[in-house]
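All figures in this text were calculated on a predicted structure; none of them were measured in a lab. A note on names: the letters A, B, ... follow the listed sequences, proteins ahead of strands, and every chain is numbered from 1.
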Amino acid sequence: MRIERPKGTRDFLPDEMERRREIEKVMRQIAESYGYREISTPTFEHLELFTIKSGEGIVEEIYAFKDKGDRDLALRPELTAPVMRMFVNECSVMPRPLRFYYFSNCFRYENPQKGRYREFWQFGVELIGSGSYLADLEVILLAYRILKELGINFELNIGHVGLLRELLKDLSEERVRKIMRFIDKKDFESLERFLEENDLMDYYDDIKTLISMKGRKEVIENAREVLPDFDFGYIESVAMGLERLEVDFNLDFSIVRGLDYYTGVVFEIYAVEGLGAQNQICGGGSYRLTHLFGGGDVPSTGFAIGFDRVAEICSVKSEKAERIVVACTPGMELNALRIAENLREKGLVVYTDVMERGLKKQLSFANTVNARFAVIVAEREYEKGVVLVKDMESGEQREVPKSSILEYFGL
RNA sequence: GCCCGGGUAGGGUAGCGGUCAUCCUCUGGGACUGUGGAUCCCAGGAGCCGGGUUCGAGUCCCGGUCCGGGCCCCA
């Protein structure tokens, strides 16, 4: 009986893994160049960690289960909450700011689509401890640099949830949340209906004005007219900083990121082509979560990149190491192995025959693995102290003394 | 949870009610036993699962499942 992969999961073959590792390497290197260091948290956590900020509703969308001790656990659906939990548990007295990055698989019980899987990978960073605009600037810049380096065609949109919160400050938290939800979904009909039903149409024009603003710094001036008392200094500083750093972006005050815990600048990055409906490849912003997990009120900023989506549209290709096949005639296997070992020690990728096949088949195999050279350890020549080195591209073959094989390969 | 389209060897395909199946690729072996990529030969391997219609089903119908796409959702 044949066992299939569970729905929404994937197998990665060597070619694809090489590509993914290559992309991962770029992300790591850039994050590290900004001083971020890798962390790792458990694959599963107490379910409560994820319901505490998002409500019981999300249990439907995550892999939740009871263990044999009757504990409620869940496979992590994201990393921000676990990282904050870790911070509160063991890093709260470390010198700030803290710069962490992670690359981990996450799990969500959702219907798979293009760029959406039940097991997927996120690469993200958290910059913990700063409430300055400089933190937002750094994090946005980092996300931007990574995607640029990977050659992705994308759009960066930046908003600030403070604006809408200021505009709606006299409404109940419940109503604010609902309105934000509609805005996040860009469901303006429902928004209008909701405002009408709740006798809140006074807000309609201002909301509409705010969320339809898109562009560079100048939209801040327009927003000021709607919210004369709001302090735009912060978002203005971020926008100016990004312009100075030559980061392309749009301000878009309709970005509210659905989540209640975002407090300031929020941003989303969309792929311009190649991903269909699931084209968001990165999301982030400033938030305050630590108090929910028993810590103090620590401002943080972070983002998460949808690794699989990026991998799907990213064109980097892996550089393959040069391969060598050491083939031999019958009886020469162990001599061939010793030669192979010497080459491997010097860092070459060396294949030897484990099928006890004839020389012909061994060379044929060298061909299928795309070997650059074949070293032929043949009995008659070996007795004379030489082996044969064949260039698999030109077909040229020459005798090389056993003792100088390494030199022959420039090692 | 919902809607649409799919599912034939490892990969890509043909047949679309009637001798359990086409071709390509692939894998293994071979064409004087010490030499690759060409050619040729041989071998291997398949109609997602379950039910129904029918004398007879990859081929029609229903359910499930998985894939793709779109909703919902997206912490």
Determine which nucleotide pairs with [N], using a 3.5 Å limit on both distances of a Watson-Crick or G-U wobble pair.
| N | value |
| --- | --- |
| G68(B) | C4(B) |
| U39(B) | A31(B) |
| G44(B) | C26(B) |
| C20(B) | none |

- Where does G10(B) land, syn or anti, once you apply the within-90°-of-0 test for syn? anti

- Using the purine O4'-C1'-N9-C4 or pyrimidine O4'-C1'-N1-C2 torsion, is G47(B) syn (within 90° of 0) or anti? syn

Can you check the distance between [N] and [M], where both ends of the measurement are the [atom1] atom (answer in whole Å)?
| N | M | atom1 | answer |
| --- | --- | --- | --- |
| U27(B) | G63(B) | P | 41 Å |
| C49(B) | G7(B) | C1' | 11 Å |
| U25(B) | A9(B) | C1' | 11 Å |
| G17(B) | U53(B) | C1' | 11 Å |
| A46(B) | A21(B) | P | 12 Å |
| G6(B) | A14(B) | P | 14 Å |
| G12(B) | G51(B) | C1' | 31 Å |
| C16(B) | C73(B) | C1' | 39 Å |

Can you tell me how far [atom2] of [N] sits from [atom1] of [X], to the nearest Å?
| X | N | atom1 | atom2 | result |
| --- | --- | --- | --- | --- |
| Leu363(A) | G37(B) | CG | C1' | 11 Å |
| Tyr117(A) | G69(B) | OH | P | 7 Å |
| Met392(A) | A38(B) | CE | P | 12 Å |
| Gln113(A) | G5(B) | CD | C1' | 14 Å |
| Leu359(A) | U33(B) | CG | C1' | 12 Å |
| Arg357(A) | G30(B) | CZ | C1' | 14 Å |
| Gln397(A) | G34(B) | CD | C1' | 10 Å |
| Met355(A) | U27(B) | CE | P | 11 Å |

- Message: Is there a side-chain contact between Lys114(A) and the phosphate of G69(B), meaning an N or O under 4.0 Å from OP1 or OP2?
- Response: yes

- Would you say a side-chain N or O of Arg10(A) is under 4.0 Å from OP1 or OP2 of C67(B)? no

With sugar-phosphate meaning primed atoms plus P, OP1 and OP2, does [X] contact a base, only sugar-phosphate, or nothing at under 4.0 Å between heavy atoms?
| X | value |
| --- | --- |
| Gly283(A) | nothing |
| Gly331(A) | nothing |
| Glu381(A) | base |

Go through [options] for me and flag the one nearest to the [X] side chain.
| X | options | answer |
| --- | --- | --- |
| Glu379(A) | G34(B), G1(B), C73(B) | G34(B) |
| Glu61(A) | C71(B), C74(B), G36(B) | C74(B) |
| Ala378(A) | G36(B), G34(B), G1(B) | G34(B) |

For the side chain of [X] and the base of [N], is some donor closer than 3.5 Å to an acceptor across the two?
| X | N | value |
| --- | --- | --- |
| Arg116(A) | C74(B) | yes |
| Glu110(A) | G1(B) | no |
| Lys390(A) | G36(B) | yes |
| Gln362(A) | U35(B) | no |
| Lys360(A) | U35(B) | no |

- Message: By nearest heavy atom, map Arg118(A) and Pro77(A) onto RNA chain B; which one lands nearer the 5' end?
- Response: Arg118(A)

- Item | Of Glu78(A) and Arg5(A), the one whose closest RNA chain B nucleotide lies more 5' | Arg5(A)

- Leu363(A) and Met392(A): which non-hydrogen atoms are nearest, and at how many Å? O-CE, 3.9 Å

Is a salt bridge present between [X] and [Y], judged by a nitrogen-to-oxygen distance below 4.0 Å?
| X | Y | answer |
| --- | --- | --- |
| Glu341(A) | Arg344(A) | yes |
| Glu22(A) | Arg19(A) | no |
| Glu196(A) | Arg193(A) | no |

- Task: Using modelled atom types only, decide if a donor and an acceptor are shared between the side chain of Thr290(A) and the backbone of Gly296(A) within a distance under 3.5 Å.
- Result: yes

- Message: When you measure from the side chain of Arg116(A) to the backbone of Glu110(A), do you find a donor-acceptor pair of N or O atoms at a distance under 3.5 Å?
- Response: no

- Query: Quick check, are the ring centers of Phe409(A) and Phe373(A) under 6.0 angstrom apart?
  - Reply: yes

- Can you check ring-ring contact (aromatic ring centres under 6.0 Å, His included) on Phe100(A) and Phe87(A), steps first, answer last? CA-CA 10 Å; Phe100(A) 294 144; Phe87(A) 167 77; 7.7 Å; no

